[in-house]
Amino acid sequence: MTIFAKPVFDATVVYDGNELFKGRGAAGMWAEKLAVELESPVTVEKVGTGWALCGTVDGVAVRWGIHGQRLARLEPAA
């Protein structure tokens, strides 16, 4: 499920099949925007060589990365 319809960021890395933010600063900026949309705290977390957004939606811990220049939930590790 995507969250925003506008382009996210052009500096990304792919780690373990997931497209992530390359820098913590860009991830932090989007964490702030997502927190406003969700009306709950969103943080950034180092995932391999990139950064993901982390928060809670309906009581469930969720991580977001990038898919097609949009924020999208990362699938849980198998």
Side-chain angles (χ1 to χ4, degrees):
M1 175 176 79
T2 61
I3 300 293
F4 292 103
K6 71 178 188 175
V8 174
F9 199 66
D10 58 358
T12 62
V13 296
V14 176
Y15 178 79
D16 199 23
N18 293 308
E19 188 175 2
L20 305 169
F21 290 92
K22 185 175 184 179
R24 182 183 181 133
M29 179 190 71
W30 281 97
E32 291 174 12
K33 291 179 181 192
L34 183 56
V36 169
E37 288 292 319
L38 297 177
E39 298 178 346
S40 66
V42 177
T43 60
V44 297
E45 176 183 298
K46 182 78 169 171
V47 177
T49 58
W51 295 87
L53 310 183
C54 302
T56 303
V57 176
D58 297 329
V60 177
V62 179
R63 292 193 312 174
W64 293 271
I66 303 166
H67 179 76
Q69 288 295 302
R70 308 289 186 258
L71 292 181
R73 287 184 184 199
L74 297 177
E75 294 299 320

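Position 1 is the first residue of the sequence; numbering continues from there. Scope of the values below: all heavy atoms of this structure, side chains included, with no hydrogens, waters or symmetry mates. Predicted, not measured: the structure shown is a model, and the values here were computed from it.
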For the atom pair [atom1] ([X]) and [atom2] ([Y]), what is the distance rounded to the nearest 0.5 Å?
X   : Y   : atom1 : atom2 : result
R70 : E19 : CZ    : CD    : 11.5 Å
L53 : E32 : CG    : CD    : 11.0 Å
R73 : H67 : CZ    : NE2   : 15.0 Å
K22 : T12 : NZ    : OG1   : 9.0 Å

Could you give all pairs that pass the side-chain hydrogen bond (donor to acceptor under 3.5 Å, both in side chains) test and reach residues 49-62, with sequence neighbours left out?
none
Hydrophobic cluster identity match, V42 and V57, side-chain contacts under 4.5 Å:
yes
With a 4.5 Å cut-off on side-chain heavy atoms, are W64 and L34 touching?
yes
Partner of R63 by side chain to side chain contact (heavy atoms under 4.5 Å, CB included), out of V47, L20, N18
V47
Exercise: identify the closest heavy-atom pair between L71 and W30:
CD1-CE3, 4.1 Å
